[in-house]
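Numbers for residues simply follow the sequence, beginning at 1.
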Amino acid sequence: MSTIEHWIGGEFTAGRSTRKGPVFNPATGEQQHEVVLAAPADVDAAVAVARAAFEEWSQASLSRRAKVLFGFRELVNARVKDLAEIISDEHGKVLSDAAGEVQRGLEVIEFACGIPSLLKGSYSDQASTGVDVFSFREPLGVCAGITPFNFPAMVPMWMHPVAIACGNTFVLKPSERDPSASNYVARLWQEAGLPDGVFNVVHGDKEAVDAILRHPDIAAVSFVGSTPIARYIHEQASATGKRVQALGGAKNHAIVLPDADLDFAAQHLTAAAFGSAGERCMAISAAVAVGAAGDALMDLVSRKAAEVVVGPGRDPRSEMGPVVTAAARDRIESLIGSGEQQGAKLLVDGRGLRVPGHENGFFVGPTVIDQVQPTMDVYTEEIFGPVLSVVRADDVDAAIDLINSNPYGNGTAIFTSSGEAARRFQRGVHVGMIGINVPIPVPMAYYSFGGWKDSLFGDKHIHGPEGVSFYTRGKVVTSRWPHVSHASGASLHFPTAS
């Protein structure tokens, strides 16, 4: 049984804690590793190293930082397959999905490679007579990231490349469920020439999280996870004076209008609901079938859901893998059952799925539940599994009202051939990221990612321009250089008292 250790100051260490947690292979149900769980002293050690490294790294030239970022980009690009295999073995997602995750993380690295342009300041010549005013942005110090299990490479890459490019140092606390990808990335940073101590990885659970939130030498905390924890992170870290961006949960809706290409919509709904076993904060978990679109859409979605090939992530035939843990599987199946008990119509039932040769894996098949009401648990809860709940609406305005009444505001989509309906939708919904005939509207890295309402705590979205703003603070200089008409009255003559 191999042990996954922390990465602090450019080397692996078991730290001071004696606590450890299991890391499973979700496809087999077997424990494959154990991970050390940090004590507060381990967080202190990582922060001390990062604080010391900040003195040099914050003063590194933009060209040096960019050179390291470009080197890191080349190494990650060359190791996509290795990272995908690590992710698949610990998360369960299929290899193609894992590779796609790494590619989306690469896009943020590529964005961060442009840091010389991103940190350009502004200059006002002769703002007043003989006075110039200019501004620039400086790094904050030690920054921390607390990231979820569902994207063990991509979500951390939303944070640390931008933070490091801006001149900060970083302490990452990844999910203890699939921690190996973060250690692999740490070695790539080192190989790219990043000074030891600039990037550190501390594994752990709530004890490590609380130590991060309380630590006086951490200037900023980034978080992605569930809404209750995001709210907790924001409250606790803000109370200690930290800058915080905490991205929470979601209930992402996709409206399908009768004028849409229903086969196109059904195909993309299936991919958006069941890709990565639904364990995505941008997954479509609620479809809103409008008017006459309902029955025909359900026939198509049900057929396509039943055709999804479920199996272990390493099998190239698999289109969807297992969920991350047995507890996650049991919770998802319980919510499916509650929907049926509360009166919804179960069209495709993914409970009790057994994959030949992987009977102990944590599998849940694609599930479609029709006639869901907004008061049902299967609608109100963030399921985080391969379950598509279908709500019926009379028209587009009723569908918009349904979305706006939901406490989450992460992502949403509309399928239609009407430009007028699409424009009404994009202006009317209270959601941060919107797709028009695009089911998962994750923006490119040069835009910022984030939702509204209970999907975001803090005022800055992640990566893109807002990411640069989050990891820096502005400084404005007003300068005057008066004209001096003579030096000081100095003379080469012999000094006298006259």
Salt bridge flag under 4.0 Å for residues [X] and [Y]:
X	Y	value
R314	E85	yes
E138	R473	no
E381	K251	no
R79	E191	yes
R16	D42	no

Does [X] reach the side chain of [Y], with side-chain heavy atoms less than 4.5 Å apart?
X	Y	answer
F457	T227	yes
T325	R329	no
E319	V310	no
V80	Q103	yes
V76	V102	yes
V378	I383	yes
L140	R243	yes
P441	M282	yes

Within this structure, what is the [atom1]-[atom2] distance for the pair [X] and [Y], rounded to the nearest 0.5 Å?
X	Y	atom1	atom2	answer
N252	S285	CG	OG	6.0 Å
F170	N200	CZ	CG	10.5 Å
K20	M1	NZ	CE	10.5 Å
L247	H234	CG	NE2	11.5 Å
N410	R280	CG	CZ	13.0 Å
L83	S88	CG	OG	12.5 Å

Check: [Y] main-chain N/O paired with [X] side-chain donor or acceptor under 3.5 Å:
X	Y	result
E333	R351	no
E90	S180	yes
H91	K93	yes
T472	V468	yes
S17	R19	yes
N168	G141	yes
E11	G9	no
K453	N404	yes
S455	G409	yes
D210	E207	no

Donor-acceptor pairs under 3.5 Å, side chain of residues 146-163 to any protein atom, not counting sequence neighbours: which ones?
from : atom 1 : to   : atom 2 : distance (Å)
N150 : ND2    : E279 : O      : 3.3
H160 : ND1    : W189 : NE1    : 3.2

Side-chain donor/acceptor pairs under 3.5 Å, residues 442-451, sequence neighbours excluded:
from : atom 1 : to   : atom 2 : distance (Å)
S448 : OG     : H463 : O      : 2.8
S448 : OG     : E466 : N      : 3.1

Checking [Y] against [X]: is there a side-chain donor and acceptor pair closer than 3.5 Å?
X	Y	result
T13	E5	no
H358	T28	no
H203	N183	yes
S135	K475	no
D196	Q190	yes
T240	K242	yes

Please name the pair of heavy atoms, one in [X] and one in [Y], separated by the smallest distance, quoted to 0.1 Å.
X	Y	value
C143	Y471	SG-CD2, 3.8 Å
V364	P386	O-CG, 3.5 Å
P322	A27	CG-N, 3.7 Å
I284	L388	O-CD1, 3.8 Å
S182	P174	OG-CB, 3.3 Å
V35	P179	CG2-CG, 3.9 Å

For this session: List the steps, then state whether side-chain contact (heavy atoms from CB on, under 4.5 Å) holds for I434 with V429.
Result: CA-CA 9 Å; I434 297 165; V429 291; 3.6 Å; yes
For this session: Run through V43, D44, I212 and flag the one making a side-chain contact (heavy atoms from CB on, under 4.5 Å) with V202.
Result: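 Going through V43, D44, I212 one by one, the side-chain contact (heavy atoms from CB on, under 4.5 Å) with V202 is satisfied by V43 alone.
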Exercise. For F362, which residues count as a ring-ring contact (aromatic ring centres under 6.0 Å, His included) partner, sequence neighbours excluded?
Worked result: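 For F362 there are no ring-ring contact (aromatic ring centres under 6.0 Å, His included) partners, ignoring immediate neighbours.
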For this session: Please name all residues satisfying ring-ring contact (aromatic ring centres under 6.0 Å, His included) with F134, sequence neighbours left out, ordered by chain then number.
Result: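 F134 satisfies ring-ring contact (aromatic ring centres under 6.0 Å, His included) with Y123 only.
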Exercise. Given the rule in the side-chain contact (heavy atoms from CB on, under 4.5 Å) test, do V221 and I218 qualify, once you have shown the distances and angles that lead to the verdict?
Worked result: CA-CA 8 Å; V221 175; I218 293 177; 4.1 Å; yes
Listed pairs under 3.5 Å, donor-acceptor, residues 61-71 side chains, sequence neighbours left out:
from : atom 1 : to   : atom 2 : distance (Å)
S61  : OG     : S63  : OG     : 3.0
S61  : OG     : R64  : N      : 3.1
R64  : NH1    : E56  : OE2    : 3.1
R64  : NH2    : E56  : OE2    : 3.4
R65  : NE     : A60  : O      : 3.3
R65  : NH1    : A165 : O      : 3.0
R65  : NH1    : C166 : O      : 3.2
R65  : NH2    : S58  : O      : 3.4
R65  : NH2    : A60  : O      : 3.3

Exercise. Any chance the rings of H253 and Y379 have centres within less than 6.0 Å?
Worked result: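 Yes; Y379 has its ring centre under 6.0 Å from that of H253.
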Exercise. Can you name the one residue among Y184, F199, F12 that meets ring-ring contact (aromatic ring centres under 6.0 Å, His included) with W7?
Worked result: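 Between W7 and the candidates, ring-ring contact (aromatic ring centres under 6.0 Å, His included) is satisfied uniquely by F12.
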Problem set entry | salt bridge (charged side-chain N to carboxylate O under 4.0 Å, His left out) partners of E107, counting only residues at least two apart |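 E107: salt bridge (charged side-chain N to carboxylate O under 4.0 Å, His left out) contacts with R104.
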